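Reading through the structure tokens given below for one structure.
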Number of protein chains: 2
Amino acid sequence: MLSHKAKYALKALLYLAEQDENHISRTVEIADGANIPKKFLEQILLDLKRGRFVSSKQGKFGGYYLIKSKNDITLAEIHRLFDGAIALLPCASLNFYEPCSDCKTESECSLRHGLMLIRDKTLKAMEGITIASLVKK
Amino acid sequence: MLSHKAKYALKALLYLAEQDENHISRTVEIADGANIPKKFLEQILLDLKRGRFVSSKQGKFGGYYLIKSKNDITLAEIHRLFDGAIALLPCASLNFYEPCSDCKTESECSLRHGLMLIRDKTLKAMEGITIASLVKK
DNA sequence: AATTAATTCTATCGATTTACTAGACTTTAG
DNA sequence: CTAAAGTCTAGTAAATCGATAGAATTAATT
């Protein structure tokens, strides 16, 4: 399941993607438009900025805007930024790999192979969902 | 990501699936064999029993055994039993559906459609992974 | 220079969940 | 009766989640 943070991030990106080119959106505007608690959204937008999905302008008349094409922002990326690994166990993860602590001597745990199959399919599906694909509903 | 409970459940089922027909496995045996904390495993086995994956014999010389074919126990079922919904949001879930609280007036939230596509693909993949498919590695 | 309006940063908080552990109780074989 | 097994109910320490609070910084306008 997605965390609220990830869900709000998607909705915020969706909001930004729907604005006119060159429009800059204040946090409060996004919060109202996408129905997200404003102070919580502040943190999320900062995370999205650190992730280089959006950029911001400070001070009066400041706000946020997309710096990555809505066609290139995938659900997989947002999931990874806010909720981490897409795989079902760390030992089956590409980006968040960690060996299992409870898999005794064997180098590969009994679940790893099957979970990597799931990961590949889920990942492929998640890379197919972009902000652009969500906008045109 | 899978919870430890779900992971341990899979490993316990895998252990049971590897035993001879008619063999009955004590909790401590499974715990040692699959490297799972025993008291924690007790709870998990009870959950698996309530889910009708295993059954048990009480008293001396008691223990647990599979009552469902290893070909019919899928990752999807175990995920649902221990970790709930497979979909990324409740509004996109089949078995754990709940409407989003933060999706204003519209009957369908902007994310729902895309997330249902993901759910269908992930679910299909997860239904393809059975205990039997994990045993023969 | 002062004001205003925006982002940014850091801290905190209550509730819930997670991963266990403890211990009493029940059941069954011998 | 006793030993050895599952069953049930609590409890608990730590982490995570979903926010909220408030001060600091930045920038445009007056």
Side-chain angles (χ1 to χ4, degrees), chain A residues 1-12 16 23-32 34-67 79 81-85 88-90 96 98 100-102, chain B residues 1-12 16 23-32 34-51 53-67 79 81-85 88-90 96 100-102:
Chain A
M1 297 277 274
L2 290 182
S3 64
H4 283 206
K5 257 192 176 176
K7 179 177 69 169
Y8 291 157
L10 290 169
K11 289 174 68 172
L16 291 176
H23 179 69
I24 192 163
S25 306
R26 288 172 302 139
T27 304
V28 66
E29 196 183 313
I30 306 172
D32 291 351
N35 210 27
I36 303 169
K38 189 198 170 236
K39 286 300 264 181
F40 199 23
L41 178 59
E42 284 181 13
Q43 293 175 11
I44 293 164
L45 288 168
L46 284 173
D47 287 336
L48 286 171
K49 187 182 176 185
R50 290 186 197 106
R52 304 193 178 271
F53 294 97
V54 304
S55 189
S56 67
K57 190 168 172 298
Q58 286 199 146
K60 199 170 184 179
F61 303 118
Y64 289 91
Y65 51 95
L66 282 185
I67 55 170
H79 189 286
L81 183 60
F82 291 96
D83 294 348
L88 290 171
L89 285 182
F96 296 86
E98 275 184 66
C100 339
S101 54
D102 58 319
Chain B
M1 297 274 276
L2 290 183
S3 65
H4 282 206
K5 256 192 176 175
K7 178 176 69 168
Y8 290 156
L10 290 169
K11 290 174 68 173
L16 292 176
H23 179 69
I24 192 163
S25 305
R26 289 172 301 140
T27 304
V28 65
E29 197 183 309
I30 306 171
D32 291 352
N35 210 26
I36 303 168
K38 190 199 169 234
K39 284 302 261 182
F40 199 24
L41 178 59
E42 283 181 12
Q43 292 176 8
I44 294 164
L45 288 168
L46 284 173
D47 288 336
L48 286 172
K49 187 182 175 183
R50 290 185 197 107
F53 294 98
V54 303
S55 188
S56 67
K57 190 168 172 300
Q58 287 199 145
K60 200 169 183 180
F61 303 118
Y64 288 91
Y65 51 95
L66 284 184
I67 54 168
H79 189 286
L81 182 61
F82 291 96
D83 294 346
L88 289 171
L89 287 183
F96 296 84
C100 337
S101 54
D102 59 318

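Note that the structure is predicted; figures quoted are calculated from it, not measured. Chain letters run A, B, ... following the sequence lines, proteins first, then strands; residues in each count from 1.
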Atom CD of B/Glu42 and atom P of D/dA10: how far apart are they, to the nearest Å?
17 Å
Between C/dA6 atom P and A/Gln58 atom CD, what is the distance in whole Å?
13 Å
Is there, by distance only and without an angle test, a donor paired with an acceptor across the side chain of A/Lys39 and the base of D/dG22 below 3.5 Å?
yes
Should B/His4 be listed as having a side-chain N or O under 4.0 Å from OP1 or OP2 of C/dC20?
yes
Given DNA chain D, 5'-ward residue of the pair A/Pro37 and A/Phe61, judged by closest heavy atom
A/Pro37
Are B/Lys5 and C/dC20 close enough that a side-chain N or O sits under 4.0 Å from OP1 or OP2?
no
Which heavy atom in A/Val54 sits nearest to a heavy atom in A/Tyr64, and how many Å separate them?
CG2-CD2, 4.0 Å
Measure the distance from NZ on B/Lys60 to P on D/dC1 and round it to the nearest whole Å.
16 Å
How many Å lie between CZ on A/Phe82 and P on D/dG18, as a whole number?
12 Å
With a non-hydrogen cut-off below 4.0 angstrom, is A/Gly59 in contact with a base, only sugar-phosphate, or nothing?
base
Can you name the closest pair of heavy atoms from A/Glu29 and A/Ile24 and give their distance?
OE1-O, 4.2 Å
Counting just side-chain N and O atoms, does A/Arg50 come under 4.0 Å of either OP1 or OP2 of C/dC9?
yes
Does A/Gln43 make a side-chain donor-acceptor contact with the base of D/dT20, cut-off 3.5 Å?
yes
Using atom CD1 of B/Ile30 as one end and atom C1' of D/dG6 as the other, report the distance to the nearest whole Å.
11 Å
Indicate whether OP1 or OP2 belonging to D/dT7 is found under 4.0 Å from a side-chain N or O atom of B/Lys49.
yes
Whole angstroms only, please: what is the CZ-P distance between A/Phe40 and D/dT16?
15 Å
Without decimals, in angstroms, what is the distance between B/Leu41 CG and D/dA5 P?
14 Å
A/Lys11 side chain to A/Ala34 main-chain N or O, any donor-acceptor pair under 3.5 Å?
yes
Distance in angstrom units between A/Ile44 CD1 and C/dT8 C1', rounded:
15 Å
C/dT8 OP1/OP2 closer than 4.0 Å to side-chain N/O of A/Ser56:
yes
Value rounded to 0.5 Å, distance of OG in A/Ser56 from CG in A/Leu48:
11.5 Å
Would you say B/Thr27 places a side-chain N or O within less than 4.0 Å of OP1 or OP2 belonging to D/dG6?
yes
Does D/dA19 have OP1 or OP2 sitting under 4.0 Å from an N or O in the side chain of A/Tyr8?
yes
Distance-minimising heavy-atom pair for B/Tyr65 and B/Lys57
CE2-N, 4.2 Å
